[in-house]
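Before any comments, here is the structure.
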Number of protein chains: 2
Amino acid sequence: MNSSVLTIGDLSKVTSTKVETIRYYERIGLLAAPARTAGNYRAYGKTELGRLSFIRRARDLGFGIDQIRTLLGLSESKKRSCKAVDAIARQHLADVDSKIADLMALRRELDSIISQCDCGTIGECRIIEALAPSRKAGVPTRVLERRVRSR
Amino acid sequence: MNSSVLTIGDLSKVTSTKVETIRYYERIGLLAAPARTAGNYRAYGKTELGRLSFIRRARDLGFGIDQIRTLLGLSESKKRSCKAVDAIARQHLADVDSKIADLMALRRELDSIISQCDCGTIGECRIIEALAPSRKAGVPTRVLERRVRSR
DNA sequence: GCTTGACCCTGTAGTAGCTACAGGGTGCAG
DNA sequence: CTGCACCCTGTAGCTACTACAGGGTCAAGC
């Protein structure tokens with residue numbers, strides 16, 4: 001009885017990670033290739049469980065694979081300053097903030113477009129109108145000048 | 001001199017869309033295959049320009065390719081009700097809202113983790129600690145019971 | 001001892017929405 | 001007639017998985 005030997009299925013359940021995803025992490029080198037049983041099954045221990053948990057939490061927080069790779073590397077040298085860790089996290093926070101800002105701007109525009117729709121016919125739909133190029137503005141002549149003259 | 005014949009490069013400049021992207025839209029059937037010149041160059045007219053502009057604006061607003069396909073289809077039957085258009089837009093707005101909510105939740109968590117870091121050594125870094133599995137909690141025995149007993 | 005069914009294996013292809021070549025042809029100015 | 005900007009097709013790459021196909025392994029039950 002070896003309670004610390006886990007199959008990939010066990011790891012999958014414990015970490016709420018699909019089996020395929022675990023194999024994928026191994027393929028891309030995020031997880032090391034584990035020991036194998038006689039029947040060629042992957043045999044994991046607590047180390048791998050910890051590492052996968054770390055990866056999952058980082059992924060849930062939106063860190064990218066490469067960032068996680070770096071974080072895992074850093075987490076092994078316990079004595080070094082954690083400035084680099086802090087920098088990665090702050091960078092990620094900034095990325096998230098900028099994504100939020102983008103989405104909020106988009107949301108505002110989308111909302112304003114939708115609020116103009118009276119739900120009549122498509123011919124007079126404000127949503128379609130907002131997407132279609134306006135009738136007044138044509139192709140800026142500047143852009144095509146060279147070509148227009150040369151034809 | 002035919003000022004309304006545009007090459008793919010012209011279309012690219014006018015709509016701020018990469019040439020490859022225009023060809024990609026054609027490949028996936030979002031744009032129809034245009035007429036060709038004697039030298040096998042794509043020759044676009046104002047119709048295609050309008051259609052591509054529509055696509056770009058919709059993409060900028062975050063609509064997916066399939067939604068745009070539907071919107072383009074709907075926009076051609078001018079007399080029908082624009083309820084379907086409205087529904088797609090509202091669905092998209094809801095998706096955006098839920099993405100924003102997800103990101104804000106993530107942002108809060110990330111921020112709270114970062115704020116705990118004193119920037120000492122990695123061994124005592126709160127960020128790494130927050131990601132690593134806590135020492136107290138082990139693998140829930142329940143999950144592994146069957147297997148543990150059987151080995 | 002044999003079957004059944006749940007699990008595991010490898011390898012490949014698909015998802016969204018492009019982007020980036022490689023290896024060629026076209027067209028116009030100097 | 002040469003050089004350069006542009007165009008063509010076709011394919012592979014990107015993120016982070018997910019979903020098969022076509023097999024092998026293992027423990028339980030009859």
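Salt-bridge check for K99(A) with D102(A): failed, with every basic side-chain N at 4.0 Å or more from each acidic carboxylate O. The pair E48(B)-R42(B) does not count as a salt bridge, with every side-chain nitrogen at least 4.0 angstrom from each carboxylate oxygen.
The distance from atom CG of N40(B) to atom P of dG25(C) is 13 Å, rounded to the nearest whole Å. Atom P of nucleotide dC9(C) and atom CG of L11(A) are separated by 11 Å, given to the nearest angstrom. Atom CD1 in I22(B) sits roughly 16 Å away from atom C1' in dA20(C) (whole-Å rounding). Taking atom CG on D95(B) and atom C1' on dA16(C), their separation rounds to 14 Å, with Å as the unit. If you take CD1 of I68(B) and P of dA16(C), they are 13 Å apart, rounded to a whole angstrom. Atom NZ in K99(A) sits roughly 13 Å away from atom P in dT15(D) (whole-Å rounding). Remark: P of dA16(D) and CD of E26(A) are 19 Å apart, rounded to the nearest angstrom. Regarding E20(B), its CD atom lies at a distance of 13 Å from the P atom of dA22(C), rounded to whole Å.
Under 4.0 angstrom from either OP1 or OP2 of dC18(C) there lies no side-chain N or O belonging to T21(B). Of the side-chain N and O atoms in R56(A), none sit less than 4.0 angstrom from OP1 or OP2 of dA16(D). At least one side-chain nitrogen or oxygen of R36(B) sits closer than 4.0 Å to the OP1 or OP2 atom of dT9(D). Within the 4.0 Å cut-off from OP1 or OP2 of dC7(D), not a single side-chain nitrogen or oxygen of R42(B) is found. Dashed line: the shortest gap from a side-chain N or O of R59(A) to OP1 or OP2 of dC17(D) is under 4.0 Å. For R23(A) and dC9(C), the shortest distance from a side-chain N or O to OP1 or OP2 is below 4.0 Å.
In the set dT19(C), dC7(D), dC17(D), dT19(C) carries the atom at the smallest distance from any side-chain atom of Y24(B). Of the listed nucleotides (dC9(C), dT26(C), dT18(D)), dT18(D) has the atom at the smallest distance from the side chain of K18(A).
Not counting sequence neighbours, the partners of D111(A) by the side-chain contact (heavy atoms from CB on, under 4.5 Å) test are R107(A), L93(B).
When each of R27(A) and A38(A) is assigned the nucleotide of DNA chain D bearing its nearest heavy atom, the one mapping closer to the 5' terminus is R27(A). Comparing T37(B) and D66(B) by the nucleotide of DNA chain C whose heavy atom lies nearest to each, the residue mapping closer to the 5' end is D66(B).
The base of dG17(C) has none of its N or O atoms less than 3.5 Å from a complementary donor or acceptor on the side chain of Y25(B).
Contact annotation for I8(A): backbone-only contact, meaning every heavy-atom pair under 4.0 Å involves sugar-phosphate atoms and none involves a base.
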(message) Using side-chain hydrogen bond (donor to acceptor under 3.5 Å, both in side chains), reason through S98(A) and D95(A) one step at a time and then give a plain yes or no.
(response) CA-CA 5 Å; S98(A) 114; D95(A) 290 350; 5.7 Å; no

In residues 71-79 of chain B, what donor-acceptor pairs under 3.5 Å come from side-chain atoms, sequence neighbours left out?
from, atom 1, to, atom 2, distance (Å)
S75(B), OG, L72(B), O, 2.8
E76(B), OE2, R51(B), NH1, 3.3
S77(B), OG, L74(B), O, 3.2
K78(B), NZ, S75(B), O, 3.2

